[in-house]
Asker: 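Just passing along the structure, written as structure tokens.
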Amino acid sequence: MTGLTMQLDIAQQGARSRASNVHLVRTGQRGRPLVVLIHAVGVDLTYWGEQIEALAASYDVIAYDLPGHGRSDKPEKGFGFAEAVATLSQLIEGAAAGPVHLVGLSVGGMIAQHLVLARPDLVRSLSLIDSISTFPDQVRAALRERARLTRAEGMEAILKATIERWFTEDFAARRPDVIERVTRTLLADDPEVHAGMWEMIATLDTAPRLPGVAKPALVMVGEHDPTTPVAASRLMADSIPGATLHVIAGASHMAPLEKPAEANRVLTDFLAAH
């Protein structure tokens, strides 16, 4: 974590939202527009450290652990986009600072899409990073197989492939500390939670409804992202009226970790404009 996030108010560090015992941190400038950060599957809110530091001087900022991740409890009703939207809606309403700028990475962007479609009143703008809006049937089958493998053989079985999808070889060689951190996080995950999330992801199909999104939108993607490729991001940007697409050169699926300076510049410029 960055120095700023380490210095968060202790009461805020331990905060629990009303949304099924979801753990969150809140920092920045109360009274300013609220930015809500939604992390990728398998990690936790601390992976937003660079973004929290970049945003906190100008915004009210919340990052939260998805149910079953970090310090958040497992969801009582299992994993589904309807449940994820209910959790996020309760969190935003509890913050009493909406509508909010939603920033979602990977599955976080999928949840953000579902929220803006279900509760547009809660959303000020939408930033979708290394995310996607639909899958071909063969990919859905592969996602379900990933869930099956995780449930049957544990996190070790999908670790190597996950690291290879998430980061470029160059970054992995230059930043073994980040790879070690991610490895420790993933191996500590509950395989049942991970499998449940992938089964949820396999149901994603927001693409037909994106033309109805009437909010400012930024779509950001790593140039070498194999999981949610540039073509899929371009499809989302073309579908959402007025959306902006930005491709981060030299990055893979975890672009905010590989290229935090560029990701933060693009994100803060977008938020400042809206």
Side-chain angles (χ1 to χ4, degrees), residues 1-5 25 27-28 33-64 66 100-113 123-133 162-163 165-175 177-179 181-182 185 215-234 236-237 240 243-274:
M1 294 178 70
T2 62
L4 181 144
T5 51
V25 293
T27 189
L34 177 61
V35 180
V36 176
L37 303 168
I38 317 168
H39 65 74
V41 65
V43 295
D44 57 48
L45 66 82
T46 66
Y47 283 81
W48 286 116
E50 295 281 355
Q51 287 67 51
I52 292 172
E53 187 164 24
L55 294 167
S58 301
Y59 298 94
D60 189 359
V61 182
I62 286 177
Y64 73 103
L66 290 171
V100 307
H101 295 293
L102 278 184
V103 180
L105 172 61
S106 192
V107 73
M110 301 174 200
I111 294 168
Q113 291 172 63
V123 180
R124 184 186 298 263
S125 76
L126 198 62
S127 295
L128 308 174
I129 307 174
D130 294 304
S131 196
I132 199 166
S133 59
T162 300
I163 297 293
R165 288 196 317 273
W166 282 8
F167 301 102
T168 60
E169 290 184 9
D170 175 68
F171 180 82
R174 288 187 295 106
R175 294 298 307 272
D177 57 315
V178 175
I179 303 305
R181 179 188 177 197
V182 173
T185 299
K215 304 290 180 180
L218 167 67
V219 179
M220 194 187 313
V221 63
E223 175 188 15
H224 303 301
D225 187 342
T227 302
T228 57
V230 172
S233 291
R234 184 169 290 112
M236 290 195 297
I240 301 172
T244 299
L245 174 66
H246 183 88
V247 179
I248 298 184
S252 190
H253 186 60
M254 299 291 271
L257 276 177
E258 283 204 68
K259 301 281 187 174
E262 182 175 353
N264 291 349
R265 176 183 58 79
V266 174
L267 179 60
T268 54
D269 285 352
F270 170 75
L271 296 179
H274 301 286

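These values consider heavy atoms only, across backbone and side chains, with no hydrogens, waters or symmetry-generated copies. None of these values were measured; they are calculated from a predicted model.
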Asker: Verify side chain to side chain contact (heavy atoms under 4.5 Å, CB included) between Ile248 and Met220, making sure each step is shown before the conclusion.
Answerer: CA-CA 7 Å; Ile248 298 184; Met220 194 187 313; 3.4 Å; yes
Asker: Using only atom types and a distance under 3.5 Å, with no angle test, would you say the side chain of Gln113 pairs donor to acceptor with the backbone of Gly109?
Answerer: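 Looks like yes, one N/O pair under 3.5 Å.
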Asker: Leu218 versus Ser125: any side-chain heavy-atom pair under 4.5 Å?
Answerer: no
Asker: Could you pull out the closest heavy-atom pair between Ser131 and Ser233, with the gap in Å?
Answerer: O-OG, 4.0 Å
Asker: Of all the heavy-atom pairs spanning Ser127 and Leu271, show the shortest one and how long it is.
Answerer: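 What the structure gives for the nearest pair is OG-CD2, 4.5 Å.
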Asker: Got a sec, which pairs hit salt bridge (Lys or Arg N to Asp or Glu O under 4.0 Å) with one end in residues 263-274, sequence neighbours left out?
Answerer: none
Asker: In Å and rounded to the nearest 0.5 Å, what is the CD1 to OH distance from Ile52 to Tyr59?
Answerer: 15.5 Å
Asker: Can you tell if the side chain of Trp166 reaches within under 4.5 Å of the side chain of Val43, non-hydrogen atoms only?
Answerer: yes
Asker: With side chain to side chain contact (heavy atoms under 4.5 Å, CB included) as the criterion, how do Val103 and Trp48 come out once you've worked through the C-alpha distance, each side chain's angles and the decisive distance to 0.1 Å?
Answerer: CA-CA 10 Å; Val103 180; Trp48 286 116; 4.1 Å; yes
Asker: Taking the side chain as everything from C-beta on, heavy atoms only, tell me whether Tyr47 gets closer than 4.5 Å to Thr185.
Answerer: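 The answer is yes; the side chains approach within 4.5 Å.
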Asker: Are any of the side-chain heavy atoms of Ile163 and Ile179 separated by less than 4.5 Å?
Answerer: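 Sidechains of Ile179 and Ile163: in contact.
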Asker: Do you know the tightest heavy-atom contact between Glu223 and Gly250?
Answerer: OE1-N, 2.8 Å
Asker: What do the steps show when you test Ile129 against Gln51 for side chain to side chain contact (heavy atoms under 4.5 Å, CB included), and what is the final call?
Answerer: CA-CA 12 Å; Ile129 307 174; Gln51 287 67 51; over 6 Å; no
Asker: Provide the closest heavy-atom pair for Pro256 versus Leu105 in the form atom of the first, atom of the second, distance.
Answerer: CD-CD1, 4.0 Å
Asker: Can you measure from CG (Leu126) to NE2 (His101) and round to the nearest 0.5 angstrom?
Answerer: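 Leu126 CG to His101 NE2: 11.5 Å, rounded to 0.5 Å.
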Asker: How long is the gap from CD1 on Ile132 to CE on Met110, to the nearest 0.5 Å?
Answerer: 6.5 Å
Asker: Using modelled atom types and a 3.5 Å cut-off, is there a donor and acceptor pairing between side-chain atoms of His39 and backbone atoms of Leu66?
Answerer: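 Here the side-chain-to-backbone pair exists.
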Asker: Could you check whether any side-chain heavy atom of Leu128 comes within less than 4.5 Å of a side-chain heavy atom of Met236, counting everything from C-beta outward?
Answerer: yes
Asker: For the pair Leu102 and Ile38, evaluate side chain to side chain contact (heavy atoms under 4.5 Å, CB included) and give the outcome as yes or no after the intermediate values.
Answerer: CA-CA 8 Å; Leu102 278 184; Ile38 317 168; 4.1 Å; yes
Asker: Quick one: closest heavy-atom pair of Val230 and Gly222, and the distance?
Answerer: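 Looks like CG2-O, 3.8 Å.
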Asker: For Phe167, check ring-ring contact (aromatic ring centres under 6.0 Å, His included) against everything at least two apart and list the hits.
Answerer: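 For Phe167 the ring-ring contact (aromatic ring centres under 6.0 Å, His included) partners, ignoring immediate neighbours, are Phe171.
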Asker: Distance from Ile62 atom CD1 to Leu34 atom CG, nearest 0.5 Å?
Answerer: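 One gets 4.5 Å once the value is rounded to the nearest 0.5 Å.
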Asker: What pairs meet the side-chain hydrogen bond (donor to acceptor under 3.5 Å, both in side chains) rule with one or both residues in residues 243-258, with sequence neighbours excluded?
Answerer: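 For residues 243-258, and leaving out neighbouring residues, the side-chain hydrogen bond (donor to acceptor under 3.5 Å, both in side chains) pairs sorted by first residue read Ser106-His253, Thr168-Glu258, Asp225-His253, Thr228-His253, His246-Glu262.
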Asker: Keeping the roles fixed (side chain from Lys215, backbone from Val123), state whether a donor-acceptor pair exists under 3.5 Å.
Answerer: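 Yes, Lys215 side chain to Val123 backbone: donor-acceptor pair under 3.5 Å.
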Asker: Of Asn264, Thr268, Asp60, which is the lone residue that meets side-chain contact (heavy atoms from CB on, under 4.5 Å) with Leu55?
Answerer: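 The residue from Asn264, Thr268, Asp60 that satisfies side-chain contact (heavy atoms from CB on, under 4.5 Å) with Leu55 turns out to be Thr268.
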